[in-house]
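Index from 1, following the sequence.
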Amino acid sequence: MTRYAALLRAINLGSRNRIPMADLRALLSGLGLSDVRTHLQSGNAVFGSDTGPEALCGQIEQAIGREFGLRVACLLRTRDELRVVIEDNPLADVADNGSKLMALFLSETPDPALLARNDPVALDPQRVRIGQRVIYQWCPNGLMAAPSVGAFVEKHLKLTVTARNWNTVTKLGSLLNI
């Protein structure tokens, strides 16, 4: 059985897309996922499943649509994929505050031709790095003061992006026993 971290985009942001985490756990368990746990109120869950990630994303997105009437993107990472995100952090030596280091998870690997023409690193060369289906962004003055890398990637690279701060990423890793 594969252990996954589910990263739901734009859940419980202010008054939008409200889903109580107890209801999300019940929904995911109802899909046959095992050992479902959520973290915070922002659409983070870990669980086990024998279903592949592409089919699983579709099932989760459809179930959320049916149950809550919301159109929400689901990005999944296996335990091993999340381990790589954590271990390969290229900004670990400079980012000294987990709430100001962001991991922007990408729905797919960027198209090389689009990436060559629209490199998000150019937005802030000292503080943005690209990993495997993730972009790391160090925001020492806070996220609101940093370039909007996620919006840039969605517009120019045509990918879905959902961001988590490093504290959340490492907690999800802990919940997956990384």
ask   = Can Leu114 be reached from Val121 by stepping across I, L, V, M, F, W or Y side chains whose heavy atoms are under 4.5 Å apart?
value = yes
Pairs involving residues 34-43, ordered by first then second residue, that meet salt bridge (Lys or Arg N to Asp or Glu O under 4.0 Å) (sequence neighbours left out) = Arg3-Asp35
Listed pairs under 3.5 Å, donor-acceptor, residues 56-65 side chains, sequence neighbours left out:
residue	atom	partner	partner atom	Å
Glu61	OE2	Cys74	N	2.8

inquiry  = Grouping I, L, V, M, F, W and Y whenever their side-chain heavy atoms are under 4.5 Å apart, do Leu157 and Val161 come out in a common cluster?
reply    = yes
Co-members of Val84 in a cluster of I, L, V, M, F, W and Y side chains, linked at under 4.5 Å = none
Closest heavy-atom pair and its distance - Asn89, Ala92 = OD1-N, 3.3 Å
query = With a 4.5 Å heavy-atom cut-off, do Asp124 and Trp138 have their side chains touching?
reply = no
query = With a 4.5 Å heavy-atom cut-off, do Pro53 and Thr78 have their side chains touching?
reply = no
ask   = Which atom names give the shortest non-hydrogen contact between Leu76 and Phe47, and what distance separates them?
value = CD2-CZ, 3.9 Å
query = When hydrophobic residues are tied together by side-chain contacts of less than 4.5 Å, even through go-betweens, does Val85 share a cluster with Leu172?
reply = yes
task = Please round to the nearest 0.5 Å and tell me the distance separating atom CG of Leu8 and atom CG of Leu24.
result = 6.0 Å
key: Distance (rounded to the nearest 0.5 Å) between Leu101 CG and Leu143 CG   = 11.0 Å
Linked, directly or transitively: Ile86 and Leu104 (ILVMFWY side chains, under 4.5 Å) = no
Asn165 versus Gly98, closest heavy-atom pair with distance = CB-O, 3.5 Å
key: Straight-line distance of Leu40 CG to Met21 CE, nearest 0.5 Å   = 9.5 Å
key: Taking every non-hydrogen atom, the tightest pair across Leu75 and Ser107   = CD2-N, 3.6 Å
message = Once salt bridge (Lys or Arg N to Asp or Glu O under 4.0 Å) is applied, what residue pairs with a partner in residues 100-122 remain, sequence neighbours excluded?
response = none
ask   = Any idea which heavy atoms bring Arg9 and Val72 closest together, and the distance?
value = O-CG1, 3.5 Å
task = To the nearest 0.5 Å, tell me how far Ile135 CD1 sits from Arg129 CZ.
result = 12.0 Å
Option from Asn167, Thr168, Thr162 for which side-chain hydrogen bond (donor to acceptor under 3.5 Å, both in side chains) with Arg164 holds = Thr162
inquiry  = Quick test of your reading: applying ring pair (Phe, Tyr, Trp, His ring centres under 6.0 Å), list the pairs with at least one residue in residues 157-178, sequence neighbours left out, ordered by first then second residue.
reply    = none
Under 3.5 Å donor-acceptor pairs involving side-chain atoms of residues 146-153, not counting sequence neighbours:
none

ask   = Which residue, Ile178, Leu175, Val134, forms the side-chain contact (heavy atoms from CB on, under 4.5 Å) with Leu82?
value = Ile178
query = Is it the case that one hydrophobic cluster holds both Leu91 and Ile130, taking links as side-chain heavy atoms less than 4.5 Å apart, direct or via other members?
reply = no
request  = Quick one: closest heavy-atom pair of Arg133 and Arg77, and the distance?
outcome  = O-NH2, 2.8 Å
